[in-house]
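Below you'll find the structure, written out as structure tokens, and then a few comments.
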There are 2 protein chains.
Amino acid sequence: MRADAQRNYDRIVEVAREVFREQGYDASLDEIAKRAGVGPGTLYRHFPKRENLLDAIMQSWVDRVTAASEKALAYEGADRELLLRWFEEYVALISLHKGGPAKITSALGDPSSPILTKCQVLTSANDRVIERLREDGVLRDGVDTVQVCRLVGGIATVADQGDLDAAAVRPLLEVVADGLLR
Amino acid sequence: MRADAQRNYDRIVEVAREVFREQGYDASLDEIAKRAGVGPGTLYRHFPKRENLLDAIMQSWVDRVTAASEKALAYEGADRELLLRWFEEYVALISLHKGGPAKITSALGDPSSPILTKCQVLTSANDRVIERLREDGVLRDGVDTVQVCRLVGGIATVADQGDLDAAAVRPLLEVVADGLLR
DNA sequence: CTACGATACGGAGACCGTCTCCGTTTAGCA
DNA sequence: TGCTAAACGGAGACGGTCTCCGTATCGTAG
């Protein structure tokens with residue numbers, strides 16, 4: 001990549017991260033281009049679809065995901081509480097931007113999603129937590145890790161769309177946790 | 001209302017029902033106007049916001065909701081199965097159109113939503129089912145009816161966005177049911 | 001150091017959906 | 001039949017997405 005192209009690429013990602021945080025996932029891309037000091041053409045050449053831009057932004061996010069799952073696994077305490085802590089981390093991780101829970105949760109089942117690779121980091125983090133509980137024998141039979149992602153993703157989605165705070169989300173997560181544990 | 005106005009109103013609602021079913025909630029309103037043989041001005045005078053049109057469409061829907069809750073309450077069988085049957089009805093009712101689950105579930109917590117009154121029919125139907133189970137003493141303590149709506153609405157939302165079929169939704173509903181029952 | 005070709009830029013503008021304004025038409029009453 | 005309030009509808013402003021293509025720049029080969 002040419003040096004000027006790299007500069008613009010980096011600058012667009014940086015600005016986009018900021019704008020998406022301010023305005024959510026459907027912020028105007030032309031506005032991002034303008035703020036980054038490039039023409040719309042440049043933005044669309046680097047990122048043909050909105051989601052390609054999202055994908056680039058998420059580079060730093062994957063680190064947070066693995067850190068969060070390790071933190072959850074390191075917890076020394078009751079299984080239910082471990083699970084709930086992980087769920088809260090999970091919700092927080094996918095709720096960083098408005099519209100995030102819906103975008104990410106629906107990408108889980110879409111093999112052609114441009115952010116698929118990033119989401120797989122999340123699902124495999126979730127797998128690690130669930131498998132650990134399964135080995136401890138505290139899970140009900142037939143619990144599938146992708147089902148867990150859907151359940152928690154669903155809660156995060158309604159919380160995002162209804163502007164619920166963590167206190168309102170917690171009891172919902174508890175219901176799911178109780179439904180999963182023996 | 002003048003006779004011609006009434007004619008146009010009815011025709012728009014009829015066409016909108018059809019178009020929303022075909023294309024989902026974000027179909028073009030101008031297209032609906034065109035198909036209904038009226039100008040966009042006419043459509044927007046009758047229905048200033050997209051949701052006002054939704055509200056009109058839902059008139060027949062409220063009947064289905066109450067019928068569904070009565071059907072669920074009439075079920076003679078295990079509590080868990082009763083709850084699951086209601087959940088499946090609930091999901092079906094809010095998933096009639098693409099984007100429906102998200103729209104309806106987020107309207108539950110938004111006092112200014114134009115479709116609020118219609119959604120209240122749904123929440124009170126849900127209340128009846130949950131209260132019946134509470135009287136039977138099979139619910140865990142602290143279960144709140146609006147939480148139930150959010151949980152099931154969340155599942156319906158991810159199912160809608162991920163194109164899941166009833167067979168994939170059922171186990172998710174089971175987890176929630178098990179988390180709610182003693 | 002220069003010249004050249006490949007690469008990248010960026011803005012004009014096409015396209016589409018939303019929504020409004022206002023001149024024109026029409027219903028329905030007296 | 002004539003009048004007026006009510007309703008109509010389409011032109012067009014606006015904002016967002018995305019493309020095309022003439023122009024500018026990079027980086028290298030000579």
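Residue numbers start from 1 in every chain, and the chains themselves are labelled A, B, ... in the order their sequence lines are given, proteins ahead of strands.
Across all strands shown, A:D30 has heavy atoms under 4.0 Å from base atoms, whether or not it also approaches the sugar-phosphate. Across all strands shown, A:A27 has heavy atoms under 4.0 Å from sugar-phosphate atoms exclusively, and none from any base. Residue A:R50 is in sugar-phosphate contact alone, with no base atom involved, counting any heavy-atom pair closer than 4.0 Å across all strands shown. As judged by a 4.0 angstrom heavy-atom cut-off over every strand, B:S28 is placed among residues touching the sugar-phosphate backbone only. Using a 4.0 Å heavy-atom criterion, one finds that A:A3 contacts the sugar-phosphate atoms exclusively.
With the nearest nucleotide of DNA chain D identified for both B:P40 and A:P48, B:P40 has the one nearer the 5' end. Comparing B:R7 and B:L29 against DNA chain C, the residue whose closest nucleotide sits nearer the 5' end is B:L29.
Residue-environment remark: CZ (A:R80) exceeds the threshold of 12 foreign heavy atoms within 6.0 Å.
Atom C1' of nucleotide C:dA8 and atom CZ of A:F47 are separated by 14 Å, given to the nearest angstrom. If you take OH of B:Y44 and P of C:dC22, they are 19 Å apart, rounded to a whole angstrom. Rounding to whole angstrom units, CG of residue A:N8 and C1' of C:dT7 are separated by 13 Å. B:E31 has its CD atom 16 Å from the P atom of C:dC19, to the nearest Å. Computed from coordinates, the A:I12 CD1 to C:dG10 P distance equals 9 Å when rounded to whole Å. Distance CZ (A:R45) to C1' (C:dT7): 9 Å, rounded to an integer number of Å. With rounding to whole Å, B:R2 atom CZ is found 10 Å from C:dT26 atom P. Look at NZ on B:K49: it is 7 Å from P on C:dC19, rounded to the nearest Å.
Tested against A:D110, the residues A:S106, A:S112, A:S113 include a single side-chain hydrogen bond (donor to acceptor under 3.5 Å, both in side chains) partner, A:S112.
Listed by first and then second residue, the salt bridge (Lys or Arg N to Asp or Glu O under 4.0 Å) pairs involving residues 37-56 of chain A are A:D55-A:K118 (not counting sequence neighbours).
Judged purely by distance below 3.5 Å, without hydrogens or angles, the side chains of B:T145 and B:N126 never pair a donor atom with an acceptor atom.
If you walk DNA chain D from 5' to 3' and mark each nucleotide with an atom closer than 4.0 Å to a heavy atom of chain B, the marks span D:dA5 to D:dA11.
Salt-bridge check for A:R35 with A:E31: passed, with a basic side-chain N closer than 4.0 Å to an acidic carboxylate O.
Look at A:T42 and you'll find a side-chain N or O under 4.0 angstrom from OP1 or OP2 of C:dG10.
Distance alone, capped at 3.5 Å, is enough to place a donor-acceptor pair between the A:K98 side chain and the A:D160 backbone.
With axes fitted over five pairs at each extremity, the angle between the ends of the helix from C:dC1-D:dG30 to C:dA30-D:dT1 is 20° (10° resolution).
At least one side-chain heavy atom of B:V129 sits less than 4.5 Å from a side-chain heavy atom of B:L73. The shortest side-chain heavy-atom distance between A:T123 and A:V146 does not fall under the 4.5 Å cut-off.
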- Start with the C-alpha distance between B:K34 and B:D30, add both sets of side-chain angles, then the distance that settles salt bridge (charged side-chain N to carboxylate O under 4.0 Å, His left out), and finish with yes or no. CA-CA 6 Å; B:K34 195 179 294 175; B:D30 278 23; over 6 Å; no
- Message: Apply salt bridge (charged side-chain N to carboxylate O under 4.0 Å, His left out) to residues A:R170 and A:E174 and explain how you reach the verdict.
- Response: CA-CA 6 Å; A:R170 172 86 185 192; A:E174 285 175 352; 3.1 Å; yes
